[in-house]
Amino acid sequence: MKHTLHRTALALTLSLWGFAAHAGPAIDQFKQDIAAYQAAQSTAPDRVIRYSDPQGALARAVLNPARVQPFIAETLEEVDGSDKLKAVLEAYKPISVKYAKAFDQLHGKYDAEYLDSFESMLQITLSGLKPLKDIKPQDIPDETMRPMLEAAIKMATAMPAILLKVLEKQVDEGKFSADFTPVARVRLEALRAGIAKP
């Protein structure tokens with residue numbers, strides 16, 4: 001019991017620290033929010049945090065898709081930005097997987113959380129595509145590397161549409177609760193329109 005209270009206090013402290021650190025880079029705030037979420041989640045490893053839980057604000061902070069592109073853009077402008085970004089996204093992936101599993105296993109319980117985590121991963125994918133627009137295979141000196149680069153660019157470019165196909169199938173097959181399905185469909189159409197923009 002003592003350890004549980006200690007971990008909960010740590011989670012709240014880290015959360016408040018994250019909200020207070022407005023002067024720091026966006027990625028540092030996101031790292032603090034991930035740490036706070038992980039600390040809170042560790043107190044109940046058998047149950048994934050929901051938005052409606054007392055610690056729900058921690059989940060909202062980490063899953064909020066609106067945060068993704070701004071912190072990625074800001075971080076990539078730093079000298080060691082790519083390394084920082086990779087470390088944070090590696091920490092984020094298990095969280096996204098956790099909500100995907102909860103969504104699959106507990107019908108209707110994690111609709112909002114899963115949809116936000118899905119959109120966040122889509123935003124991460126879209127942000128990763130931006131640097132590819134400046135890469136031209138013909139500029140690669142080693143000609144043997146060009147086919148692999150071309151294939152990688154083609155695969156990465158197709159990924160957003162593939163992800164949306166997955167979401168579309170989930171909506172059409174009733175994977176979301178009946179009440180949430182209209183919300184998911186509207187978000188799907190908005191995301192589809194978003195990736196269609198040049």
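Small disclaimer: the values here were computed from a predicted structure and weren't measured.
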Original post:
Between L58 and A36, what is the shortest heavy-atom contact and its length?
Top reply: CD1-O, 3.8 Å
Subject >> Test side-chain contact (heavy atoms from CB on, under 4.5 Å) applied to E168 - qualifying residues, sequence neighbours left out >> reply: K165, D172, L188, R192
Original post:
Got L163 and M121 here, is their nearest side-chain heavy-atom distance under 4.5 Å?
Top reply: no
Subject >> No-hydrogen, no-angle side-chain donor-acceptor test under 3.5 Å, Y110 and Q105 >> reply: no
Original post:
When you measure from the side chain of S117 to the backbone N and O of L63, does any donor-acceptor pair fall under 3.5 Å?
Top reply: no
Original post:
For residues 140-181, which residue pairs qualify under ring pair (Phe, Tyr, Trp, His ring centres under 6.0 Å), counting only residues two or more places apart or in two chains?
Top reply: F103-F176, F176-F180
Subject >> Heavy-atom pair with the smallest gap, counting every atom of S42 and P45 >> reply: O-CD, 3.5 Å
Original post:
Of all heavy-atom pairs between D179 and P182, which one has the smallest distance, and what is that distance?
Top reply: O-CD, 3.5 Å
Using a 3.5 Å cut-off and no angle test, enumerate the donor-acceptor pairs between side-chain atoms of residues 92-100 and protein atoms at least two apart in sequence or in another chain.
from : atom 1 : to  : atom 2 : distance (Å)
K93  : NZ     : E90 : OE2    : 3.1
Y99  : OH     : Y37 : OH     : 3.1
Y99  : OH     : I49 : O      : 2.6

Original post:
CZ/F30 to CD/E74 distance, rounded to the nearest 0.5 angstrom?
Top reply: 13.0 Å
Original post:
Q38 and A91: which non-hydrogen atoms are nearest, and at how many Å?
Top reply: NE2-O, 4.0 Å
Subject >> Between CD on residue Q41 and CD1 on residue I34, distance to nearest 0.5 Å >> reply: 13.5 Å
Original post:
If you group Ile, Leu, Val, Met, Phe, Trp and Tyr by side-chain heavy-atom gaps below 4.5 Å, do V171 and V186 land in one group?
Top reply: no
Original post:
Taking only residues at least two apart or on different chains, which pairs with a member in residues 99-120 satisfy salt bridge (Lys or Arg N to Asp or Glu O under 4.0 Å)?
Top reply: D116-R187, E119-R187
Subject >> Closest non-hydrogen atom pair, P65 against S120 >> reply: CA-OG, 3.3 Å
Original post:
Between atom CG of L115 and atom CG of L122, what is the distance when rounded to the nearest 0.5 Å?
Top reply: 10.5 Å
Original post:
Do any N or O atoms from the side chain of R67 and from the backbone of A61 form a donor-acceptor pair under 3.5 angstrom?
Top reply: yes
Original post:
Rounded to the nearest 0.5 Å, how far apart are NZ of K169 and CG of L164?
Top reply: 15.0 Å
Original post:
According to the salt bridge (Lys or Arg N to Asp or Glu O under 4.0 Å) rule, which pairs have a member within residues 40-54, sequence neighbours left out?
Top reply: R47-D53
